[in-house]
S.K.: 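Okay, here's the structure, questions in a sec.
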There are 2 protein chains.
Amino acid sequence: MSQATLAPPPAIPAFRRLAALAPFDARADIALRDAARRARRIPIRQELLSEGKPVMDPQILLSGWAARTRILPDGRRQIMGLLLPGDLIGHCYQPEPLATSTIVALTDLEICPAPSAEDFPSLSCAYGISHALDESFLLAQITRLGRMNAYERLADLFLELLERLSMAGLTSEGAFDHPLTQELVADVTGLTPVHVNRVVKTMRQDGEVLWATGYLVLTAPGALASRIGWAPFRVSLSMPQRQ
Amino acid sequence: MSQATLAPPPAIPAFRRLAALAPFDARADIALRDAARRARRIPIRQELLSEGKPVMDPQILLSGWAARTRILPDGRRQIMGLLLPGDLIGHCYQPEPLATSTIVALTDLEICPAPSAEDFPSLSCAYGISHALDESFLLAQITRLGRMNAYERLADLFLELLERLSMAGLTSEGAFDHPLTQELVADVTGLTPVHVNRVVKTMRQDGEVLWATGYLVLTAPGALASRIGWAPFRVSLSMPQRQ
DNA sequence: CGAAGCATTGACTGGGGTCAACTTATGTGG
DNA sequence: CCACATAAGTTGACCCCAGTCAATGCTTCG
């Protein structure tokens, strides 16, 4: 037996995502379950990281949504990206890291300390890929804001969310639960809440989305993706392709 | 002597930047000079990385400017960020990395292989900080595109360039050389070339900038910074503060 | 049941895009 | 060294996407 024992697909969505990025061995799986037992609850609206302040030890987001935000002196707010179950928080490669953005809980959260990559080498691969994906989300966000119109921005964002949530097994048939208000979507997409509302109205009329508070359905994700030229994220040859 | 010998301030701008991020020892300095001797020239407009293709071994940009770009199916182009002397190219933490954006030379470049952090531990700190700064530039870019008007976008970009170039010693008195066309600035800031031209005209009339092809002067960087709420980048407590 | 937050809609405005013409560099070959 | 070609910068006229302002419903939850 030269091959390390792989853990079975995890039941916890957050860990299912990590395993989808790069399989890890049974030892790492045990460490993760153990960490999950020491999970901490974070109430909605609480800040996990504050821009300019030291960064906490690396954590895994077990459940709930969070946002990386920056606020301009005059109050304008931009959300740099959303954090979903299975995402990493506070993984840095520089010494004494300072937070470059504020992370705020959009729902009540569960987070747990991330087993260190040194102790569990089979996790470092998943961590590295997760990190690279994070960067890739930022690039997608830049393209959205810089070169897409309002309709495309919303569609592109929804497709990203669908893709990311599906890695954790949190979607079914193009549908997923979410805690987004139209104001939050506006702060992600660089629009105003009023205009988000108008665009959502159009998307509904087009039959592209069903949006109810807390719940979003993309009726034809594939068609929408090809219409706006959206493509899945790919940051490593070794990352398993989705079907 | 418990302290490692620190190298004197490097003469090459690219290395001066790295040393400014985190001091390294004489051994690393020698390795860098040695790498510089094996520098490669890249002609203008050549691609260093291509989106979706495997990433080359880690390199240091010794001289010249490059851009991280993404092109939408219909030809719209967005520049995610600019690469300046001393910036790192192709440093990834995931296995078998694939490029998430295309990197194209805006001028003739010199690049050299980056001495590995394993062989020269005193460099890993500078690499880590450089990596964190890169992310921080992406966040700045997102805020620019999402929540700033055209005037602020240009001012913010110019201040970022001034700050970054000054770390390599490539500025004097708010002035620096650059290879930017108004079309390139437009692709960075998410505007059209025509509108960039109009905004530059206003900035000239305001006395904020002197822009000639190849050369940019910010007449009062400090005042401009406080007017638009710009702040220097800070990603590590251990990173030396600028004066 | 009241209050606060969120969603929705209309009327109007304006920043930035589009189109097109023209001027000014840059440069390349004869 | 000039002639021509091409790229880059400049300007005006006009338009439209998205912002602003404001009023009105609709939930949700204490």
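To find a chain, count down the sequence lines: A is the first, B the second, and so on, and within it residues start at 1. Note that the structure is a prediction, hence the values are computed from the model and not measured.
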S.K.: What does nucleotides 23-29 of chain D look like as a protein-contact string, B for base, S for sugar-phosphate only, - for none, at under 4.0 angstrom between heavy atoms?
M.R.: -------

S.K.: Taking B:E110 as the fixed residue, which of B:R41, B:R40, B:R38 is the one that meets the salt bridge (Lys or Arg N to Asp or Glu O under 4.0 Å) rule?
M.R.: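 It is B:R41; the other options fail the test.
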
S.K.: How many whole angstroms separate atom CE of A:M203 from atom P of C:dT8?
M.R.: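 After rounding, the reported distance stands at 14 Å.
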
S.K.: Whole angstroms only, please: what is the CG-P distance between A:L145 and D:dC17?
M.R.: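 A:L145 atom CG is separated from D:dC17 atom P by 19 Å.
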
S.K.: Counting only heavy atoms not in B:R204 (residues, nucleotides, ligands), do more than 12 fall under 6.0 Å from its CZ?
M.R.: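 Yes - once you tally the heavy atoms of other residues, nucleotides and ligands closer than 6.0 Å, there are more than 12.
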
S.K.: Would you say A:R68 and B:L139 make side-chain contact, with heavy atoms under 4.5 Å?
M.R.: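 Side chain of A:R68 against side chain of B:L139, heavy atoms only: contact under 4.5 Å found.
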
S.K.: Write down the distance between CG (B:L180) and P (D:dA7), rounded to a whole number of angstrom.
M.R.: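 Between P of D:dA7 and CG of B:L180: 19 Å.
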
S.K.: Does a nitrogen or oxygen in the side chain of A:K201 sit under 4.0 Å from OP1 or OP2 of C:dT9?
M.R.: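 Checking A:K201 against C:dT9: at least one side-chain N or O falls below 4.0 Å of OP1 or OP2.
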
S.K.: So, B:R227 and B:E208, do they make that salt bridge, N to O below 4.0 Å?
M.R.: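 The answer is yes: the pair qualifies as a salt bridge.
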
S.K.: Distance check needed: D:dC17 C1' versus A:R153 CZ, whole Å only.
M.R.: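 Taking CZ of A:R153 and C1' of D:dC17, I get 10 Å after rounding.
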
S.K.: Before accepting this row, confirm whether a basic side-chain N of the pair A:R70/A:E51 lies closer than 4.0 Å to the acidic partner's carboxylate O.
M.R.: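 Judged by the 4.0 Å cut-off on N to carboxylate O distance, A:R70 and A:E51 do form a salt bridge.
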
S.K.: Salt bridge or not for A:K53 and A:E47, using N-O below 4.0 Å?
M.R.: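 A salt bridge is absent here (no side-chain N lies under 4.0 Å from a carboxylate O).
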
S.K.: Provide, to the nearest angstrom, the distance between the CG atom belonging to B:N149 and the P atom belonging to D:dA18.
M.R.: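 Taking CG of B:N149 and P of D:dA18, I get 17 Å after rounding.
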
S.K.: When you look at CD of A:Q205, are more than 12 heavy atoms from neighbouring residues, nucleotides or ligands closer to it than 6.0 Å?
M.R.: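 More than 12 heavy atoms, drawn from other residues, nucleotides or ligands, come within 6.0 Å of this atom.
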
S.K.: Any non-hydrogen side-chain atom of A:F158 less than 4.5 Å from a side-chain atom of A:M203?
M.R.: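 A:F158 reaches A:M203 side chain to side chain.
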
S.K.: What is the separation between atom CH2 on A:W211 and atom C1' on C:dC6, rounded to the nearest whole Å?
M.R.: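 That distance rounds to 11 Å.
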
S.K.: Counting heavy atoms from C-beta on, name the nucleotide in C:dG16, D:dA8, C:dA7 closest to the side chain of B:A150.
M.R.: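 Between C:dG16, D:dA8, C:dA7, the one nearest the side chain of B:A150 would be C:dG16.
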
S.K.: I want to know whether B:F176 and B:Y215 have ring centres closer than 6.0 Å.
M.R.: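 Between B:F176 and B:Y215, the centre distance exceeds or equals 6.0 Å.
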
S.K.: Once you round it to whole Å, what is the distance between C1' of C:dA7 and CD of A:Q182?
M.R.: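 Atom CD in A:Q182 sits about 6 Å away from atom C1' in C:dA7.
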
S.K.: What is the distance from CE of B:M148 to C1' of C:dG15, rounded to the nearest Å?
M.R.: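 Taking atom C1' of C:dG15 as the reference, CE of B:M148 is at 17 Å.
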
S.K.: Mind listing the residues from residues 186-198 of chain B sitting with a heavy atom below 4.0 Å of DNA chain D? Number order is fine.
M.R.: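 Within this stretch, B:V194, B:N197, B:R198 sit under 4.0 Å of the strand.
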
S.K.: Just call it for A:R204: base, sugar-phosphate, or nothing, with non-hydrogen atoms closer than 4.0 Å on any strand.
M.R.: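 The residue A:R204 makes sugar-phosphate contact but no base contact.
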
